[in-house]
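Read through the structure below, which is laid out as structure tokens, and then see the notes.
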Protein chains: 2
Amino acid sequence: MSPKSVHAPAAMSVAVSAVIFAMRPDEGGRMHLWLPLVRRTREPFGGRWALPGGWVGADESLSDAAGRTLHETTALRPRYLEQLYTFGRPDRSPPGCDDGRVVSVVYTALVRGDEAEQAEEGENVRWFRTDALPDLAFDHSEIVEYALWRLRNKIEYAHVAFFFLGERFSLRQLREVYEVILERTLDPANFRRRVEATGTIVPTTERLTGGRHRPPRLYRTEFTLDLRATGPSA
Amino acid sequence: MSPKSVHAPAAMSVAVSAVIFAMRPDEGGRMHLWLPLVRRTREPFGGRWALPGGWVGADESLSDAAGRTLHETTALRPRYLEQLYTFGRPDRSPPGCDDGRVVSVVYTALVRGDEAEQAEEGENVRWFRTDALPDLAFDHSEIVEYALWRLRNKIEYAHVAFFFLGERFSLRQLREVYEVILERTLDPANFRRRVEATGTIVPTTERLTGGRHRPPRLYRTEFTLDLRATGPSA
DNA sequence: TAAATAGTGTCTTTAAGACACTATGGA
DNA sequence: TCCATAGTGTCTTAAAGACACTATTTA
């Protein structure tokens, strides 16, 4: 038997959240993926960590709302912001929750490591390594898992790695982004050939000095994300 | 200057729509991609064709709502239903529209050709070839374009072609699905090798008789879509 | 036996991976 | 001069494509 048809919209709130990824070294200098979480100050899940987010304004697009709310909590302004998935199970919030039913449109954002440094951190905002996350509020653990899965797939066929890096980068830095996300090492020689063949990077005359070894050439990319390629401009 | 922060949810309605694809021959026997549209009986866009859809019930998941509303209008029960994208620009509905602001979670569904035959058709529900669509209501033309783009990409790496076919199928039928979606011909020999190598199809002892030529072997697949691979169970 | 499609074999091209080797700046 | 990493060359393997060829059923 089918459920009854619905002739009028039900009462529902629309929220946005963001999974914000950054590539940063740990204390030992090893690179990892990190994301910022905010501590909930209210029930439900008071005290638990959650993805940054908030309500969508009446005259605001979903992506604008995602950009605004993540800026309000983390002070970040990512260059990359893409819709990930919309979560709307009726039981997402525990029973007796004030907010009623909430549909969350979740975005993935990518920021550079140096941007992440500048991001405000405090008692209620903190960066976590993706391989050492606490149990999150709501279904946010599941959401992060899915965002990681999508990022790993996406990096294989889309030019998203550049969003983790600055204007100029060495091939080692680029390779490190791939290695951390794919969780395996890549042959430097083969990686170089592959990425050079795609034609998405351009060598500059600059070199990266400071290491105690031969300084690598720096590259740049004119590549700017075509949003039509990843999702409509919505 | 940033927009003001939003401390309470705004009034918004959540709707679902479905882009339902089927593979069917035209009068001349040539295969094409088709989708069912419904004629709007109310303003805005009264008389224009639109994607089937409706409101999300208060205690209904988004995918359940998508399945229910598309069944109500087309009588179809697709085996494949996947979230495509969520559209929420504030100006999606023309000004002065009764429904207020609407956020639409759009799903893609795949059905077999013989199922499509059974689907009710009438004055207000009709199948259209994807290469000969009228101007649709709202932003639905843009949505269909994006769904087509995603389908073309998806068929390259995911096992979605089987959802267009019945329990048993010849390699030619499978190849035809690929050819129609990718809009190019594929070498039969190389296609056979490629699809056999993936191990997703199993030969049966049956053959497809009736043609005036050597009858092809029929294959089947135990493959059932793992929804975790395409999107979380939401 | 002719038409038509099923199905096989094989050569070429291209991309990916393994890995040895040379190059060069800094301590 | 040695160390560490940058960067090159080359061989092997696997996959994709082109295309000739054989096989089998129905009209």
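Just the heavy atoms: all of them, side chains too, but no hydrogens, waters or symmetry mates, feed the values below. Numbers restart at 1 for each chain; the letters A, B, ... are given by sequence-line order, proteins then strands.
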Inset, instruction - Measure the distance from CG on B:N190 to P on C:dG9 and round it to the nearest whole Å. - result: 14 Å
Legend entry - Under 4.0 angstrom between B:R172 side-chain N/O and C:dA6 OP1 or OP2: yes
Inset, instruction - Measure from CZ on A:R175 to C1' on C:dA16 and round the result to the nearest Å. - result: 16 Å
Inset, instruction - Please report the closest heavy-atom contact between B:L76 and B:L70, naming both atoms and the distance. - result: O-CD1, 3.6 Å
Inset, instruction - Find the distance B:R212:CZ to C:dT5:P and express it as a whole number of Å. - result: 8 Å
Legend entry - Shortest non-hydrogen contact between B:D135 and B:R48, atoms and distance: O-NE, 3.2 Å
Legend entry - Nearest-nucleotide pick for B:D187, side chain only, options being D:dG9, D:dG7, D:dA18: D:dA18
Inset, instruction - Whole angstrom is fine here: how far is it from CZ in A:F191 over to C1' in D:dG7? - result: 14 Å
Inset, instruction - Starting from C1' on D:dG9, measure out to CZ on A:R194 and report it in whole angstrom. - result: 19 Å
Legend entry - No-H, no-angle donor-acceptor pair, A:R214 side chain to C:dA23 base, under 3.5 Å: yes
Inset, instruction - For residues B:P25 and B:M31, report the shortest heavy-atom separation together with the two atoms involved. - result: N-SD, 3.6 Å
Inset, instruction - Kindly point out which of C:dA18, D:dG9, D:dC19 is positioned nearest to the side chain of A:A189? - result: D:dG9
Inset, instruction - Give a yes/no answer on whether the side chain of A:R207 brings an N or O atom under 4.0 Å of OP1 or OP2 in C:dG26. - result: no
Inset, instruction - List the atom of A:H159, the atom of A:T200, and the distance in Å for their closest heavy-atom pair. - result: CE1-CG2, 3.2 Å
Inset, instruction - Give the nucleotide from the list D:dG17, D:dG7, C:dG17 with an atom nearest to the side chain of A:R193. - result: C:dG17
Inset, instruction - Map A:H213 and A:R184 onto DNA chain C by nearest heavy atom, then report which one ends up closer to the 5' terminus. - result: A:R184
Inset, instruction - State whether A:E82 and A:R150 are salt-bridged, where the test is any N-O pair (Lys NZ or Arg NE/NH1/NH2 against Asp/Glu carboxylate O) under 4.0 Å. - result: yes
Inset, instruction - Report the distance from atom CD of B:E156 to atom C1' of D:dA16, rounded to the nearest whole Å. - result: 12 Å
Inset, instruction - Can you check whether any acceptor in the base of C:dT8 is under 3.5 Å from a donor in the side chain of B:R217, or vice versa? - result: no
Legend entry - Value in whole Å for how far the P atom of D:dG17 lies from CD of B:E179: 13 Å
Inset, instruction - Would you please confirm or rule out a distance under 4.0 Å between OP1 or OP2 of C:dG7 and any side-chain N or O of B:R192? - result: yes
Inset, instruction - Please work out if A:A197 contacts a base, only the sugar-phosphate, or nothing of the nucleic acid, heavy-atom cut-off 4.0 Å. - result: nothing
Legend entry - Distance in angstrom units between A:L218 CG and D:dG7 C1', rounded: 14 Å
